[in-house]
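Right, one structure below, let's go through it.
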Amino acid sequence: MPDRSLSTRASGAVAEAVSGLPRQFWWLWTSTLINKLGAFVVTFLALYLTTERGYSASYAGLVASLFGLGSAIASVVAGVLADRIGRRPTLVAAQLGTALFTALLGFSDGQATIAAVAFLVGFCNNATRPATSAIIADIVPAEDRVRAFALNYWAINIGFGLSAAAAGLIATHGYLTLFLLDALSTVVCAVVIFVRIPETRPDAPEAVPGGPAAPPAIGLLAVFRDARFMAVVVLNLLLALVAQQGSTTLAVDMGRSGISSAQYGLVIGLNGLLIVVLQIPVTRWMEGRDRTALLVASALFIGWGFGLTALAGSSAWFYAFTVAVWTLGEILNAPTMMGLVAELSPARARGRYQGVYSLSWSLASFLGPAAGGVLLERAGSGVMWGACAVLGTVAAGGYVLLGRRPGAALAKSATVAAAPGTAPAAEPERAATTGG
């Protein structure tokens, strides 16, 4: 009987978490899941270059950096395009480009060619993010956005977890199969978006004869002049630099401590498992909570979760404990931050704002692995993981300061209160922060 009661409560929690969202969101969610289920190449690219092609680890690192550089450039370019030509054409073009260059990468030969194509894959792959986030902000009412972003994050992690497990088996039949299946899944996503998702970009307001002039277009420089928004981006960059160590420096440190590859796979796999299991119930618990408190807690969990790695020694169990700590920080941070960015973004410039926010993650993927590797090599494990704890603490302090500013968006709860079933009010343009 208790089991049935628990099952009933779990089913009710899931039903409540997924209810009330627009149909277009679920098509976008499905597209995201399909895309990540086939996302084999990014996960196995370094292994492919070193074991299958026989290139050095330093060359694999260079390719990874070029992939990250392409992602960083795409963050800004795709954000501008999402506002100028529309969300749907930007997203479809990015997905088709990702499919084309992913397939081409499987056939590429020679260091220069592989590096150039990897840059293009990184560019097209990350160009999907600003448009996807802008669509969610466009179609989901403000009071449901945190929940929608959490569900999208959930789909990403389900897809990545299953694709990573399947990719190892598929690779036994040849790495080219991974590249082609990845490309095929991305084409399917482009078709789903093209057929099922209408253009969601808000129309620019027109001047009324005799009335006030229409507000000027919001340029990219205006986004960088938005001090409140850029403070959020910088704080996210600090946490992203820490989070990047989970897929790079952590593996090196565990190997040095005598942890086997199989143990590492189980430990790091705990990250995706916990997100899949906990994202929905934790997101329900977050609703109505103070946003500043959630962001502060997430920064401390992420920073000190990685910081505790310095005490792990050769214990795989302790490493697993640290992964659980910083994963909880991820679960708290991802939907809260995405909801905040959507709220800070004027409707006509959501693509640009989402692009600049995505830039913080791209820069972290470009700088984080190199910085972590150098610090671990020259200063040692204690300093490396201690630096992560310091960055997390600094980010938490920054969120506290931003939350105390009068009228700060961080001071609000994680969801915007509104009567059930009502549409959100039109978002005012913030002329004071948009610049020329």
Does [Y] offer a backbone N or O that forms a donor-acceptor pair with the side chain of [X] under 3.5 Å?
| X | Y | value |
| --- | --- | --- |
| S365 | S362 | yes |
| R196 | W27 | no |
| S358 | Q354 | no |
| Y353 | V341 | no |
| D83 | G351 | yes |
| Q95 | A190 | yes |
| R145 | V140 | yes |

Any side-chain donor near an acceptor of the partner, [X] and [Y], under 3.5 Å:
| X | Y | result |
| --- | --- | --- |
| N236 | S360 | yes |
| Y319 | S257 | yes |
| E287 | T283 | no |

- salt_bridge(R201, D138) N-O dist < 4.0 Å: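 D138 and R201: not salt-bridged.
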- Message: As a quick check of understanding, evaluate side chain to side chain contact (heavy atoms under 4.5 Å, CB included) for L295 and L340, giving each step before the final call.
- Response: CA-CA 10 Å; L295 289 174; L340 172 62; 4.1 Å; yes
- Task: Could you give me the CA-CA distance, side-chain angles and deciding distance for L359 and V233, then say whether side chain to side chain contact (heavy atoms under 4.5 Å, CB included) is met?
- Result: CA-CA 9 Å; L359 179 62; V233 171; over 6 Å; no
Give the minimum heavy-atom separation between [X] and [Y], together with the two atoms involved.
| X | Y | result |
| --- | --- | --- |
| L91 | A131 | CB-CB, 4.0 Å |
| A127 | A78 | O-CB, 3.3 Å |
| A148 | F25 | O-CZ, 3.4 Å |
| A243 | W361 | CB-CZ3, 4.2 Å |
| W285 | L332 | CZ3-CD2, 4.2 Å |
| G305 | V325 | CA-CG1, 3.6 Å |

- Task: For the residue pair W26 and W29, categorise the inter-ring angle as parallel (less than 30°), tilted (30 to 60°) or perpendicular (more than 60°).
- Result: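 Ring orientation, 0 to 90° scale: perpendicular.
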- Got a sec, which residues hit side-chain contact (heavy atoms from CB on, under 4.5 Å) with F67, two or more places apart in sequence or on another chain?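 Testing F67 for side-chain contact (heavy atoms from CB on, under 4.5 Å), a comparison that skips the adjacent residues, returns V42, S71, V121, N125.
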- Can you name the side-chain contact (heavy atoms from CB on, under 4.5 Å) partners of L181, sequence neighbours left out?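 By the side-chain contact (heavy atoms from CB on, under 4.5 Å) rule, L181 matches F40, I170, T177.
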Applying ring pair (Phe, Tyr, Trp, His ring centres under 6.0 Å), can you list everything that pairs with [X], at least two apart in sequence or on another chain?
| X | value |
| --- | --- |
| W326 | F306 |
| F179 | Y48 |
| F321 | F318 |

- Message: Please evaluate residues N126 and S75 with respect to the criterion side chain to side chain donor-acceptor pair (under 3.5 Å), reporting the C-alpha separation (whole Å), side-chain torsions for both, the decisive distance (0.1 Å), and the verdict.
- Response: CA-CA 6 Å; N126 202 56; S75 297; 2.7 Å; yes
Donor-acceptor contacts, no H, no angles, side chain residues 372-390, under 3.5 Å, sequence neighbours left out:
| from | atom 1 | to | atom 2 | distance (Å) |
| --- | --- | --- | --- | --- |
| E377 | OE1 | R256 | NH2 | 2.6 |
| S381 | OG | D253 | OD1 | 3.3 |
| S381 | OG | W385 | NE1 | 3.3 |
| W385 | NE1 | D253 | OD2 | 3.3 |

- Applying the side chain to side chain contact (heavy atoms under 4.5 Å, CB included) test to N271, which of L274, V267, L273, I275 qualifies?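 The passing option is I275.
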- Task: Report the distance from atom CZ of R350 to atom CG of L344, rounding to the nearest 0.5 Å.
- Result: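 The CG atom of L344 is 11.5 Å from CZ of R350, to the nearest 0.5 Å.
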- Decide side chain to side chain donor-acceptor pair (under 3.5 Å) for Y357 and S345; before the verdict, give the C-alpha distance in whole Å, the side-chain angles of both, and the deciding distance to 0.1 Å. CA-CA 10 Å; Y357 169 72; S345 308; over 6 Å; no
- Tell me, with the steps shown, if N157 and Q279 meet side chain to side chain contact (heavy atoms under 4.5 Å, CB included). CA-CA 10 Å; N157 281 278; Q279 188 68 69; 5.7 Å; no
